Amino acid sequence: MRHSKKVNHLGRQAGHRKLMLANMAASLIKSKKINTTVAKAKALKKYVEPLITKSKTDSTHSRRIVFGYLQDKEAVKELFGDVASKIMDRPGGYTRILKTGNRLGDNAEMCLIELVDYNQNYNGTAAPAKKKSRRGSSKKKADSASDATIVEDSSTEEKAPKAKKSTKDKKED
Amino acid sequence: MAHPKRRHSTQRRDKRRTHYKAVAPTISSCSNCGATVQLHRVCGECGYYKGKQAIEKTVAA
Ligand SMILES: [Zn+2]
């Protein structure tokens, strides 16, 4: 029975597992996102999120506690500096796991784990106008917006910039 | 310790295995580029997930 067996051993013994998670946590803090397997990402999430919460109180004591886990001076510096200032008003849930398909070779389920506050594209209000060209069938917002612009362009090509300006104003309202 | 009394016949083994079935993955199309995408996965073509740019992809053309 697997009743209340919460820790995924990841096929490693305790020391190996701890060191791997420490290395992964340091990498995540330093580079903000890492590619790994889903199982490791989920284990890492449980490992690193309490450390990030710890970084909200910047004291020598909490720094030493975190260093005890990470064993990486640069990562601790980054965590209590840049990362802490970004995540300060987020009540937990600092990481995001995005599944990206299966790995060639062993068909392992891969994912991207990242610090939520460092992905500017994905976070709610950031940049509604996307730079990429939409090729396929797009539903929802894209249809109405693109339809409107098409109509304006066909009616008067000369006034196109003016018309676009008006639509922009509307959007801002 | 308990031991098997009789060898299981191939028929018995194969009958047991009739319930081992491969399951086809649920497939959808990307809302951004229309490529075929497995559900709950980031689009491998354009990096979109749930209608938003999740992963930066360098566009080939
Ligand atoms: Zn796509």
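These numbers come from a predicted model, not from an experiment. In what follows, chains carry the letters A, B, and so on, assigned in the order in which the sequence lines appear, proteins first and then strands, with residues in each chain numbered from 1.
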>> What's the separation between atom CZ in B:R41 and atom CD in A:E109, rounded to the nearest 0.5 Å?
In response: 4.5 Å
> Does A:L21 belong to the same Ile/Leu/Val/Met/Phe/Trp/Tyr cluster as A:Y94, with side-chain heavy atoms less than 4.5 Å apart forming each link?
Replying inline: yes
> Do the side chains of A:V83 and A:I65 join up, straight or via other hydrophobic residues, at under 4.5 Å, putting them in one cluster?
Replying inline: yes
> Rounded to the nearest 0.5 Å, how far apart are OG1 of A:T100 and CD of B:Q38?
Replying inline: 11.0 Å
> Can you hop from A:M20 to A:V38 via hydrophobic side chains spaced under 4.5 Å?
Replying inline: no
> Going hydrophobic residue to hydrophobic residue with side-chain gaps under 4.5 angstrom, can you get from A:L44 over to A:V116?
Replying inline: no
>> For a quick test of reading the model, state the closest non-hydrogen atom pair linking A:N119 to B:Q53 and the distance between them.
In response: OD1-O, 4.4 Å
> Do B:V42 and A:L112 touch side chain to side chain, with heavy atoms closer than 4.5 Å?
Replying inline: no
>> Show the nearest heavy-atom pair for residues B:H40 and A:K99, with the distance to one decimal.
In response: O-CB, 3.5 Å
>> Is there a path of hydrophobic side-chain contacts, each under 4.5 Å between heavy atoms, that joins A:L98 and A:Y118?
In response: no
